A.B. asks: 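Dumping the structure here so I can ask a few things about it.
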2 protein chains.
Amino acid sequence: MSEGTDDLAFEPQEEELLSRVAWYYYHDGLTQSEIGERLNLSRIKISRMLERGRRMGLIHVHINSSYGGCFALEARLQELYGLDEARVIPAQDGEIIIERLAEAASQYFMGRLQEAEMLAVGWGATVMGALQRLARTLSYRNISLVSLTGGVSAYIEGVASGRTSQNVHLIPAPLVVSHESVADAIKAERHVIDVMTMAKTANYALIGIGAVADEATLIGSGYATRQQFETFRRQGAVGDIVGVFYDQTGTVLDLPFHRTLVGLDLDSLRQIPHVVAAAGGAKKVDAIRAGAKGRHFNVLITDEATAQAIIEGEPS
Amino acid sequence: MSEGTDDLAFEPQEEELLSRVAWYYYHDGLTQSEIGERLNLSRIKISRMLERGRRMGLIHVHINSSYGGCFALEARLQELYGLDEARVIPAQDGEIIIERLAEAASQYFMGRLQEAEMLAVGWGATVMGALQRLARTLSYRNISLVSLTGGVSAYIEGVASGRTSQNVHLIPAPLVVSHESVADAIKAERHVIDVMTMAKTANYALIGIGAVADEATLIGSGYATRQQFETFRRQGAVGDIVGVFYDQTGTVLDLPFHRTLVGLDLDSLRQIPHVVAAAGGAKKVDAIRAGAKGRHFNVLITDEATAQAIIEGEPS
DNA sequence: TCGAATGAAGAACATATGATCACGAGACGC
DNA sequence: GCGTCTCGTGATCATATGTTCTTCATTCGA
């Protein structure tokens with residue numbers, strides 16, 4: 001699915017040319033052939049440059065509406081769970097929901113993040129996708145990234161694509177360790193404390209929501225086992241946020257697993273003024289609903305079908 | 001030229017549909033026909049909706065680059081005049097520069113303005129064009145507009161297109177009055193003071209730059225006469241910002257005309273943290289250069305040819 | 001030094017898109 | 001009631017765009 005990230009960035013020279021082409025094309029309404037003539041390049045080349053520009057995020061189409069598209073659902077979600085904001089993107093049957101959510105999330109942040117702000121991020125495919133799309137914006141606006149949990153490798157994908165490297169702060173620890181005592185020791189480390197403190201001061205956080213399902217990223221990346229998940233499920237877990245599991249009402253469970261996590265807990269997370277959750281898919285409906293009930297986030301980005309399902313399951 | 005602003009806004013219902021279509025088209029990469037099938041609309045209709053969406057600014061293509069396109073020129077301008085930022089958009093011979101500058105300016109602000117901020121604006125075609133394009137962004141982000149000068153009608157065009165009306169504060173006075181004493185009296189009025197105070201507290205200002213040429217908006221709209229301009233020119237005026245004329249070095253001239261203006265003076269303007277000037281065209285080269293020298297603004301948005309000319313005239 | 005592999009570039013084609021035209025429905029004045 | 005006018009709609013066609021295939025050059029390894 002992921003068509004690879006290709007080259008990470010352009011030569012500044014290429015970027016200049018590309019900007020110019022994009023400007024001619026999108027703002028001046030010249031055709032690709034006209035641009036080609038003007039710049040002495042073949043039409044084909046222009047076409048390819050534009051495609052590249054779009055894929056790399058240099059050219060970005062913004063839909064300038066307060067909502068992604070589904071007004072009624074958004075209003076309902078906000079009302080039900082006291083969210084500051086909800087974004088519901090139009091349905092698209094059987095499609096790559098993650099990519100679309102990532103797009104929506106990146107769009108959300110493009111409109112909010114300001115110069116030199118700090119963005120705390122969790123992990124998960126959606127979050128990483130959003131970060132990739134945001135890469136240029138982040139570097140131009142001088143945004144610092146900080147991870148909410150340990151587990152460096154889980155973040156690499158989202159972080160690598162920019163030359164933002166100077167401003168990325170990852171908690172230098174695994175996401176889960178073998179024993180509570182180890183977690184405690186790590187959390188007492190100076191470098192770890194520093195980053196976690198930084199994360200707590202962020203103005204925005206972007207998180208995913210995990211379902212308690214076998215396809216969960218947590219299992220896929222080896223941080224947890226199916227057996228553990230089975231246990232969690234028996235104890236009432238319906239979802240997790242940054243590795244912390246909660247039940248149907250959004251109440252955090254008391255699991256030994258949690259004590260072996262390195263990362264912010266949900267109470268600390270809630271201190272961040274704007275916690276944006278991006279998640280969707282049939283499997284995650286319960287997890288999202290419960291997370292919303294528990295007020296673990298205040299902005300939700302999801303898709304039409306999921307929003308519908310969340311709301312429908314409500315009267316229970 | 002101005003193809004009319006058509007309807008000002010959509011029905012919320014139409015907007016929802018349009019957002020959806022735009023999302024399918026631009027983010028999901030469906031073809032217009034596919035969208036048509038899915039929504040039971042003719043392909044043609046989708047095509048027209050998209051066009052409408054683009055024209056109305058619901059769909060906006062953002063070129064996500066720190067510069068509009070001409071890196072070298074931007075760097076040079078910044079360096080020469082100590083600007084915080086310069087944006088130079090690619091040349092386009094003999095074209096509607098104003099529209100393009102307006103586009104660039106709106107893009108600039110879309111990336112900066114944040115929720116509930118206040119934007120102070122001057123007048124001029126470029127500024128009004130930018131405001132029109134920004135209309136939706138302004139209303140969604142709850143941006144307040146405040147005028148930097150009197151002359152209500154000059155602002156209407158830029159302000160009318162949004163339903164932002166609740167947040168627009170215009171100085172309730174003419175731009176120029178017949179006599180200094182009248183200006184003083186007006187400037188002592190409570191309502192006028194209120195708005196001007198508001199303007200001074202804005203974080204961003206968007207201004208145009210006027211040339212001392214017969215086509216100037218000031219003359220066109222009857223606020224000044226050719227004779228006056230001739231006089232100004234003789235006294236060394238090369239340009240004006242919000243009606244205040246300055247000479248080649250950017251020093252404000254001591255003209256009786258200034259004392260009949262109702263609006264902020266350039267020293268007050270300079271107190272605004274981010275003063276963005278958008279202007280271009282052969283006639284305005286000297287005016288822009290001098291304005292930059294006088295540090296009357298700290299962000300400049302112009303076009304390639306003008307930037308070139310500004311820089312070339314420099315060694316003098 | 002040769003050959004294979006990779007990537008850029010263009011040609012030809014298929015498809016998507018937007019422009020123009022023609023039609024029909026309602027609005028309005030007569 | 002009738003003509004006329006405007007607006008929205010769909011049909012047709014020219015054009016713009018993207019895709020696929022082929023060619024060519026360049027790089028890397030043997």
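This is a predicted model, so every value here is computed, not measured. Proteins come first, then strands; the chains are lettered A, B, ... in the order of their sequence lines, and each starts at number 1.
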A.B. asks: Specify the separation, in whole Å, of atom OH of B/Tyr26 and atom P of C/dT17.
C.D. replies: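 Value for this atom pair: 10 Å.
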A.B. asks: Once you measure the plane-to-plane angle for B/Tyr108 and B/Tyr204, does it fall in the parallel (<30°), tilted (30-60°) or perpendicular (>60°) bin?
C.D. replies: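 Aromatic pair B/Tyr108/B/Tyr204 classed perpendicular.
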A.B. asks: In whole angstrom, what separates B/Ile59's CD1 from C/dT17's C1'?
C.D. replies: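 Checked: the CD1 to C1' distance equals 14 Å.
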A.B. asks: The side chain of B/Gln32 is closest to which nucleotide in this list: D/dG18, D/dT19, C/dG18?
C.D. replies: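 The answer is C/dG18, which lies nearest to the side chain.
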A.B. asks: Nearest whole angstrom, please: distance from the C1' of C/dG18 to the CG of B/Leu50.
C.D. replies: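 The distance from CG of B/Leu50 to C1' of C/dG18 comes to 11 Å, rounded to the nearest Å.
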A.B. asks: Whole angstrom is fine here: how far is it from CD in A/Glu51 over to C1' in D/dT17?
C.D. replies: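 Result: 11 Å.
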A.B. asks: On the nucleotide D/dT17, are OP1 or OP2 found under 4.0 Å from the side-chain N or O atoms that A/Ser47 carries?
C.D. replies: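 Answer is no, no contact under 4.0 Å.
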A.B. asks: Which nucleotide in the set C/dA12, D/dA16, C/dG18 lies at the smallest distance from any side-chain heavy atom of A/Thr31?
C.D. replies: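 That would be D/dA16.
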A.B. asks: Figure out the CZ/C1' separation between A/Arg43 and D/dT17, and round it to whole Å.
C.D. replies: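 Rounding to the nearest Å, CZ of A/Arg43 and C1' of D/dT17 are 6 Å apart.
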A.B. asks: Any side-chain N or O of B/Tyr25 less than 4.0 Å from the OP1 or OP2 oxygen of C/dT17?
C.D. replies: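 B/Tyr25 to C/dT17 OP1/OP2: side-chain N or O found under 4.0 Å.
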A.B. asks: Rounding to an integer number of Å, can you tell me how far B/Leu30 CG sits from C/dT15 C1'?
C.D. replies: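 After rounding, the reported distance stands at 15 Å.
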A.B. asks: Taking NZ from A/Lys45 and P from C/dA8, how many angstroms apart are they, rounded to a whole number?
C.D. replies: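 So the two atoms are 10 Å apart, to the nearest Å.
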A.B. asks: Would you check if the side chain of B/Thr306 reaches a backbone N or O of B/Val285 as a donor-acceptor pair within less than 3.5 Å?
C.D. replies: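 Here the side-chain-to-backbone pair does not exist.
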A.B. asks: I want to check one thing: is the phosphate of C/dA16, taken as OP1 and OP2, less than 4.0 Å away from some side-chain N or O of B/Ser33?
C.D. replies: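 So the side-chain polar atoms of B/Ser33 never come under 4.0 Å of the phosphate oxygens OP1 or OP2 of C/dA16.
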A.B. asks: Considering only D/dG18, C/dC21, C/dG18, which nucleotide approaches the side chain of B/Arg48 most closely?
C.D. replies: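 Closest nucleotide among those given: C/dC21.
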A.B. asks: Hey, does the side chain of A/Ser42 come within less than 4.0 Å of C/dA9's phosphate (OP1/OP2), counting only N and O?
C.D. replies: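 No, no such contact exists.
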A.B. asks: For A/Met49 and C/dA8, what is the distance between atoms CE and P respectively, to the nearest whole Å?
C.D. replies: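 Roughly 13 Å, once rounded to whole Å.
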A.B. asks: Look at the side-chain N and O atoms of B/Arg54 and state whether any lies under 4.0 Å from the OP1 or OP2 oxygen of C/dG18.
C.D. replies: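 B/Arg54 to C/dG18 OP1/OP2: side-chain N or O found under 4.0 Å.
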